[in-house]
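Down below is the structure, laid out as structure tokens.
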Number of protein chains: 2
Amino acid sequence: MSTAARTAANPAKPAGKRIRRTAEEARRLILDAAEKRLAQQGPEGLRLQDIARDIGISHPAILHHFESREGLVRALIARANTQLRDTMLTALGGGHASSDATDHIGHVFEALSDRGTARLLSWLLLTGRATENSTTHNIMGEIVDALQLRRAEYAEKAGKPTPDKEDTLFMAMLTANAAFGEAIVGRQLAEAVGLDQDGIKRFRNWFAKLLNEHWDGGK
Amino acid sequence: MSTAARTAANPAKPAGKRIRRTAEEARRLILDAAEKRLAQQGPEGLRLQDIARDIGISHPAILHHFESREGLVRALIARANTQLRDTMLTALGGGHASSDATDHIGHVFEALSDRGTARLLSWLLLTGRATENSTTHNIMGEIVDALQLRRAEYAEKAGKPTPDKEDTLFMAMLTANAAFGEAIVGRQLAEAVGLDQDGIKRFRNWFAKLLNEHWDGGK
DNA sequence: AATTATATTGACAACAATGTCAGTACCCGG
DNA sequence: CCGGGTACTGACATTGTTGTCAATATAATT
């Protein structure tokens, strides 16, 4: 059977049942699996065969839906981006006009931690795949605008002068940086200094409070 | 010449000069090249052949010095760790007993940005290669201790009560998180909101000031 | 029921990357 | 000048991964 001359003409397998999904459903399944692998195993765990095995399909099926591995990666990025954007904006815009930053901070951190979004995006940035993708522009811009709006409102009510916009921007940047950092090195750091789950919560609250004080008391 | 039967008995190349380094020198060269590639191209740019080509040697030479690719990676990690540790500690311990956090913050950010150390370590964490390596424990612990010491001193001079140690810890964690975050997403974020190099500097100063105020005014 | 469209598959091709090995050139100490 | 140790190399082996292709099964439509 070494050099058997059956290029492509053998019934061989009468074969059995085959699950057939809608294209959309299949894409979702694949993306979910890829996301999970990425979050758990890191960038090098993103192999078509593995993903395929995880959900019980063959790897060419993935190629069929995403053209190439690169296509899959791009789709992954796109989804993560829009998901993140939605989460953030609803978190910020969501009904409650509380001036308390605590909730916001919590939301931001969780949105990034959730499903390893931050890890995914970090990896994207580390591999330099970010230039093409201009969505970031909008996200960050929108968020800062929303924040500044709230802050201005709040300041007016309290009879204070509208705070500098750059100050608001810096608060947002710090939060973003910290959240990203935490998503990556957080666990390690916490473990290194002997912080448990509850300690991490305390840290987040501490940070929120720090921002809160600055929010009100801003020079 | 398709199936030429010359398994390993052909003079073929009289060959020319060959550079011969000391083992130590060679290792350093290789590590530098690897580091550079990692910082520029990200994790996927770490291919033996590429590194070898960069410094004009053959890839088995790398294998010769590091056993395997994994060996190279481990050496890379180890070096980055000790370098980081040294930089941080000298930065903190360095003569000037200034209570001004600005310098410290600057040092931390720069130590992590420098040569892509943060990117390297991030990648290490993303690929989950961190468990084995317990150096982090010491680094973070030492730093927090040093900080707390300074803070206690400073508080005593000012006649204030010694601040809570967890508070100091949280300041350190925030700084570390922010620095890591900035190293990864910083450039992108800054670009997204239209901050130039000078803006980034302003941001760091702003952050340092925030910490400074907290340092003195601690609840 | 027949037809069409396409999601899915197994086998294979092509390529890239690490790792192995025998041999070669350079340095150093006699 | 000679001999031993070892940094280094070219060619090859091996393995793993993406991508291609023809064939097949399944759902929807007519």
Side-chain angles (χ1 to χ4, degrees), chain A residues 1-31 33-34 37-38 41 43-76, chain B residues 1-31 33-34 37-38 41 43-76:
Chain A
M1 70 171 76
S2 47
T3 50
R6 56 162 162 111
T7 352
N10 244 348
K13 253 194 181 171
K17 333 222 144 165
R18 195 187 277 186
I19 305 177
R20 185 196 177 98
R21 286 154 276 250
T22 67
E24 194 189 10
E25 199 178 355
R27 285 176 62 98
R28 206 181 48 74
L29 247 182
I30 296 170
L31 285 177
R37 262 232 133 74
L38 206 55
Q41 323 262 330
E44 330 220 305
L46 202 69
R47 280 177 296 236
L48 298 188
Q49 311 225 37
D50 295 346
I51 300 171
R53 200 177 315 118
D54 283 349
I55 52 182
I57 65 174
S58 67
H59 85 269
I62 301 180
L63 277 289
H64 172 70
H65 286 290
F66 295 96
E67 303 274 307
S68 67
R69 187 198 130 108
E70 258 304 296
L72 172 64
V73 171
R74 264 201 282 276
L76 214 49
Chain B
M1 67 174 76
S2 46
T3 50
R6 55 164 165 114
T7 352
N10 244 351
K13 255 194 183 173
K17 331 221 147 165
R18 197 188 273 188
I19 305 177
R20 185 196 178 95
R21 283 155 278 249
T22 68
E24 194 189 10
E25 198 180 354
R27 287 175 61 98
R28 207 180 47 74
L29 248 182
I30 296 170
L31 284 177
R37 261 234 133 74
L38 206 54
Q41 323 262 330
E44 330 218 307
L46 202 69
R47 279 177 297 235
L48 298 189
Q49 310 229 32
D50 294 346
I51 299 171
R53 200 177 313 118
D54 284 350
I55 53 183
I57 64 175
S58 68
H59 85 268
I62 301 180
L63 278 293
H64 172 70
H65 287 290
F66 295 96
E67 303 274 306
S68 67
R69 187 199 129 110
E70 258 305 295
L72 172 63
V73 171
R74 264 201 282 275
L76 214 49

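Below, chain A is the first sequence line, B the second, and so on; all start at residue 1. Remember, predicted model here, so these are calculated numbers, not experimental data.
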Do any N or O atoms from the side chain of [X] and from the backbone of [Y] form a donor-acceptor pair under 3.5 angstrom?
{"X": "A:Arg27", "Y": "A:His65", "value": "yes"}
{"X": "B:Arg37", "Y": "B:Arg47", "value": "no"}
{"X": "B:Arg69", "Y": "B:Leu63", "value": "no"}

Can you tell me how far [atom2] of [N] sits from [atom1] of [X], to the nearest Å?
{"X": "B:Glu70", "N": "C:dG19", "atom1": "CD", "atom2": "P", "answer": "9 Å"}
{"X": "A:Arg53", "N": "D:dG16", "atom1": "CZ", "atom2": "P", "answer": "11 Å"}
{"X": "A:Arg37", "N": "D:dT17", "atom1": "CZ", "atom2": "P", "answer": "10 Å"}
{"X": "A:Phe66", "N": "D:dT18", "atom1": "CZ", "atom2": "C1'", "answer": "16 Å"}

Locate the shortest heavy-atom distance separating B:Ile57 from B:Arg21; write the atom from each residue and the value.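 What the structure gives for the nearest pair is CG2-NH2, 3.3 Å.
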Please list, for nucleotides 5-8 of chain D, all pairs of protein and nucleotide N/O atoms separated by less than 3.5 Å.
unit_1: D:dG5; atom_1: N2; unit_2: B:Arg20; atom_2: NH2; d: 3.0
unit_1: D:dT6; atom_1: O2; unit_2: B:Arg20; atom_2: NH1; d: 3.0
unit_1: D:dT6; atom_1: O2; unit_2: B:Arg20; atom_2: NH2; d: 2.8
unit_1: D:dA7; atom_1: OP2; unit_2: B:His64; atom_2: NE2; d: 3.1
unit_1: D:dA7; atom_1: O3'; unit_2: B:Arg21; atom_2: O; d: 3.4
unit_1: D:dC8; atom_1: OP1; unit_2: B:Arg21; atom_2: N; d: 3.1
unit_1: D:dC8; atom_1: OP1; unit_2: B:Arg21; atom_2: NE; d: 3.1
unit_1: D:dC8; atom_1: OP2; unit_2: B:His65; atom_2: NE2; d: 2.6
unit_1: D:dC8; atom_1: O2; unit_2: B:Arg18; atom_2: NH1; d: 2.9

Reading nucleotides 13-18 of chain C from the 5' end, what letters show protein touch, with B for base, S for backbone sugar-phosphate only, - for no heavy atom under 4.0 Å? ----SB
OG of A:Ser58 to CZ of A:Arg18: how many Å apart, nearest 0.5 Å?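 The CZ atom of A:Arg18 is 8.5 Å from OG of A:Ser58, to the nearest 0.5 Å.
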How many angstroms lie between CD1 in B:Ile62 and CG in B:Leu29, if you round to the nearest 0.5 Å?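 Result: 10.5 Å between the selected atoms.
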Check this for me: does any side-chain nitrogen of one of A:Arg28 and A:Glu24 sit under 4.0 Å from a carboxylate oxygen of the other?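 A:Glu24 and A:Arg28: not salt-bridged.
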Under 6.0 Å from the CD atom of B:Glu44, do we count more than 12 heavy atoms belonging to anything else shown?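 Correct, the count exceeds 12.
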